[in-house]
Amino acid sequence: MSRERLYRSQAIVLRRQDYGEADRILTLYTREHGKVNAIAKGVRRITSRKSGHVELFTQGQLLLAKGRSLDVLTQADTIEPFAALREDLVRTTYAYHVAELVDRLTEEGSPSPAVFDLLAGAMTALCEAEDPSLVARYFELRLLGLSGYRPQLFSCVVCGEALGEAGNAFSPEAGGAACPRHASQLGDAIALDASAFRVLRFLQTRDWVMASRIDLKPSTRGALERVMHAYLRHLLERDLHATGFLRSLRSAIPHITEDPRS
Ligand SMILES: [Zn+2]
């Protein structure tokens with residue numbers, strides 16, 4: 001294997017899938033190269049020295065070799081095991097959600113160190129936060145901003161006027177909030193009370209040190225989850241259709257099919 005095909009990168013394991021007898025295919029988010037799919041050969045054998053370093057959600061320093069379709073993991077060292085994410089079912093669920101969003105909202109070949117740092121920060125915060133839902137909402141708003149889907153929360157999506165705090169509604173289709181005058185014009189608008197709206201804006205504009213001090217009322221927590229999930233579902237369903245189209249295109253034109261065995 002020639003030297004120039006090797007590269008070193010910090011990475012977090014987003015997803016893993018058993019492959020063949022003892023291998024695993026890993027979906028990684030790397031700091032320097034963005035999203036990468038790599039094969040970890042022999043990693044399911046108990047004698048594997050790499051296996052413990054590429055557990056789900058683990059942050060490691062990896063040495064990878066460029067491959068034709070999949071890169072090959074050649075060496076792995078743990079930086080942060082984030083063990084708490086695998087020991088507590090609630091935290092595990094949130095970590096899956098965070099990892100899935102990074103996987104779904106990023107493309108291979110478009111690296112973003114900011115996305116990596118946000119992801120690493122979210123995994124750190126999920127290990128210790130009293131309210132993991134707050135970490136998730138902060139993460140979602142920031143990731144959407146970095147991915148070009150920043151929800152519009154400061155001016156009405158219909159008339160453009162500055163929004164007050166009360167009587168607004170959020171429209172996933174329009175990608176933001178509408179003023180009380182125009183909320184009823186948007187068929188998919190979800191009503192937002194003043195405290196939920198205030199928290200959304202706060203999470204979108206402050207850093208995590210500030211945001212982590214918020215103590216959410218259960219009703220506000222529920223409202224934030226409804227709004228963010230509706231918006232994400234809208235974006236990802238649109239994305240799913242695009243992916244479905246790509247898949248049918250690939251089967252129509254066999255030579256662009258990615259085959260992990262090649
Ligand atoms: Zn308006």
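Counting starts at 1 for both ligands and their atoms, following the listed order.
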Residues which pass side-chain hydrogen bond (donor to acceptor under 3.5 Å, both in side chains) with Q204, listed by chain and number, not counting sequence neighbours |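 Not a single residue meets the side-chain hydrogen bond (donor to acceptor under 3.5 Å, both in side chains) criterion with Q204.
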(Q) Applying side-chain contact (heavy atoms from CB on, under 4.5 Å), can you list everything that pairs with A95, at least two apart in sequence or on another chain? (A)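 With sequence neighbours excluded, A95 shows a side-chain contact (heavy atoms from CB on, under 4.5 Å) to F57, L85, M123, L126, given in chain and number order.
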>> Checking A129 now: which residues fulfil side-chain contact (heavy atoms from CB on, under 4.5 Å) with it, not counting sequence neighbours?
In response: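 A129 satisfies side-chain contact (heavy atoms from CB on, under 4.5 Å) with V135 once adjacent residues are dropped.
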Between the main-chain N or O of G109 and the side-chain N or O of K35, is there a donor-acceptor pair closer than 3.5 Å? no
Please determine whether a side-chain nitrogen of the Lys or Arg among R233 and E237 lies less than 4.0 Å from a carboxylate oxygen of the Asp or Glu.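 No, this pair does not count.
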Given a cut-off of 2.8 Å, the protein N, O or S atoms lying below it from the Zn ion (ligand 1) are C156 SG, C159 SG, C179 SG, H182 ND1
Requested in this report: Take atom CD of E165 as the centre, draw a 6.0 Å sphere, and report whether it contains more than 12 heavy atoms from other residues, nucleotides or ligands.
Outcome: yes
